[in-house]
Q: 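Before anything else, here's the structure in question.
Since this is a predicted model, take the numbers as computed values, not measurements.
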Amino acid sequence: SLSVSNLPEGANVVYENNDKVEIGVYIVKATVSKEGYNTKVLTATITIVKPVEKQDFEGVTLASNSFTYDGKFHSLVVSGAPEDANIKYINNSQKNVGVYKVTATVTKNGYNDLTLEATLTIVAADFTNLKLESKTFEYDGNAHSLVVENVPTGATVNYVNNNKTAVGTYTVKATVSKTGYNTKELTATLEITPAIEPIEVDTTKTAFTLNNSTTFDDFKDAIFGGNF
């Protein structure tokens, strides 16, 4: 409907043909009256047209995707949307390990709104190049240990049955953990062998050599002289 604007206070307006709802063109008549004023008749046209039917988006998709944890943010992206379409995401752009439901709403003038859902998955990464080598030490009264090599920054290593002093063979277990990574367990052998006592040689004595020219007296002298 139409309405008269700028009416003075106390004026009365009577409308004709101003209550139409069907499609068409109508002449609306408004009669304005007020005591002390000449009656005024106004006319205007009101046009009711068929509403424009909105169309559906075609070929617009939001695909699920999986990423391996790397400490960076990852997102899903709507494909096939018109350049001037507006896209609003919910629960997108994630970096921590987990499974996330992402919602995307696509809007554009003349189109029905389109809501899409997909799954964003971030899986834990695996450690690479970790190494725990078995080692053997000779007993020296000090504690000896095995150490995991190539541990990345920020990772934590917990050892079990490591750092030994006594002679023996030990199975060492190392557990490596870090946010965003699958926990890794390594095992190796730590062996501590008995110390070897040094052999002292008396260099003041001459070794006796037995050959075809050796006499009985030579043999006797060697025995009693401590050279045999």
Q: Report yes if the side chains of N96 and I122 come closer than 4.5 Å at any heavy-atom pair, otherwise no.
A: no

Q: Let me check something: do I87 and V77 share a hydrophobic cluster, defined by ILVMFWY side-chain heavy atoms less than 4.5 Å apart, either directly or through other members?
A: yes

Q: Any idea how Y69 and Y181 line up, ring-wise: parallel (<30°), tilted (30 to 60°), or perpendicular (>60°)?
A: perpendicular

Q: State, with a plain yes or no, whether a side-chain heavy atom of V78 is found less than 4.5 Å away from one of Y89.
A: yes

Q: Closer than 3.5 angstrom, by distance alone: can the side chain of Y159 be matched with the main-chain N or O of V148 as a donor-acceptor pair?
A: yes

Q: Checking side chain to side chain contact (heavy atoms under 4.5 Å, CB included) against L146, which of K135, K173, E133 comes through?
A: K135

Q: List the atom of N92, the atom of S75, and the distance in Å for their closest heavy-atom pair.
A: OD1-CA, 3.5 Å

Q: What closest approach, in Å, do V32 and A11 show between heavy atoms, and which atom pair accounts for it?
A: CG1-CB, 4.2 Å

Q: Is there a chain of hydrophobic side chains (I, L, V, M, F, W, Y, each step under 4.5 Å between heavy atoms) that links L186 to V147?
A: yes

Q: Would you say T187 and L132 make side-chain contact, with heavy atoms under 4.5 Å?
A: no

Q: Does any part of the side chain of T189, heavy atoms only, come nearer than 4.5 Å to the side chain of T169, both counted from C-beta?
A: yes

Q: Quick check for you: to the nearest 0.5 Å, what is the distance between S177 atom OG and E185 atom CD?
A: 10.5 Å

Q: Ignoring hydrogens and angles, state whether a donor on the side chain of S79 or T61 is under 3.5 Å from an acceptor on the partner side chain.
A: yes

Q: Hey, what do you get for CG (N12) to CD (E35), rounding to the nearest 0.5 Å?
A: 12.5 Å

Q: Ignoring hydrogens and geometry, is there a side-chain-to-backbone donor-acceptor pair from K178 to T153 under 3.5 Å?
A: yes

Q: Does any N or O in the side chain of K34 come within less than 3.5 Å of the main-chain N or O of E9, such that one atom is a donor and the other an acceptor?
A: yes

Q: Which atoms form the tightest heavy-atom contact between V157 and A174, and what is the distance?
A: CG1-CB, 4.2 Å

Q: Run the numbers on T115 and T103 for side-chain contact (heavy atoms from CB on, under 4.5 Å), then give the verdict.
A: CA-CA 7 Å; T115 300; T103 301; 3.7 Å; yes

Q: Might you point out which heavy atoms bring L190 and S145 nearest each other, and give the distance in Å?
A: CD2-CA, 4.5 Å

Q: Is it the case that over 12 heavy atoms from other parts of the model lie below 6.0 angstrom from the CD atom of E58?
A: no

Q: Does D84 have more than 12 heavy atoms from other residues, nucleotides or ligands lying within 6.0 Å of its CG?
A: yes

Q: Does I90 belong to the same Ile/Leu/Val/Met/Phe/Trp/Tyr cluster as V102, with side-chain heavy atoms less than 4.5 Å apart forming each link?
A: no

Q: Any side-chain heavy-atom pair from K20 and I46 closer than 4.5 angstrom?
A: no

Q: Is there a donor-acceptor pair closer than 3.5 Å between any side-chain N or O of Y26 and the backbone N or O of D19?
A: no

Q: Report the distance from atom OH of Y170 to atom NE2 of H144, rounding to the nearest 0.5 Å.
A: 11.0 Å

Q: Between N158 (side chain) and T175 (backbone), is there a donor-acceptor pair under 3.5 Å?
A: no

Q: Minimum heavy-atom separation for I192 and E138, please, with both atom names.
A: CG2-C, 4.5 Å

Q: Spell out, yes or no, whether L2 and V41 are grouped together once hydrophobic residues are joined by side-chain heavy atoms under 4.5 Å, including indirect joins.
A: no

Q: Please indicate whether N142 has more than 12 foreign heavy atoms, meaning atoms of other residues, nucleotides or ligands, lying under 6.0 Å from its CG.
A: yes

Q: For atom NZ of K95, decide whether the heavy atoms of other residues, nucleotides or ligands shown that lie under 6.0 angstrom number more than 12.
A: no

Q: First locate atom CD of E16, then atom NZ of K29, and finally report the distance between them rounded to the nearest 0.5 Å.
A: 4.5 Å

Q: Any side-chain to backbone donor/acceptor pair from N129 onto N150? Under 3.5 Å, distance only.
A: no

Q: Could you tell me the separation between the OG1 atom of T45 and the CD1 atom of I27, rounded to the nearest 0.5 Å?
A: 3.5 Å

Q: Is a donor on one side and an acceptor on the other found under 3.5 Å between the side chain of N162 and the backbone of V172?
A: no

Q: When you measure from the side chain of T121 to the backbone N and O of S66, does any donor-acceptor pair fall under 3.5 Å?
A: no

Q: Going by heavy atoms in the side chains, are K108 and F57 under 4.5 Å from each other?
A: yes

Q: Give the cluster check for F73 versus L76: same hydrophobic cluster or not, with ILVMFWY residues linked at side-chain heavy-atom distances below 4.5 Å.
A: no

Q: Compare every heavy atom of T171 with every heavy atom of N161, then report the nearest pair and how far apart it is.
A: ND2-O, 3.1 Å

Q: Hydrogens and angles aside, do T107 and D113 bring a side-chain donor and acceptor to less than 3.5 Å of each other?
A: no

Q: With heavy-atom distances below 4.5 Å as the criterion, would you say the side chains of K54 and Y111 are in contact?
A: no

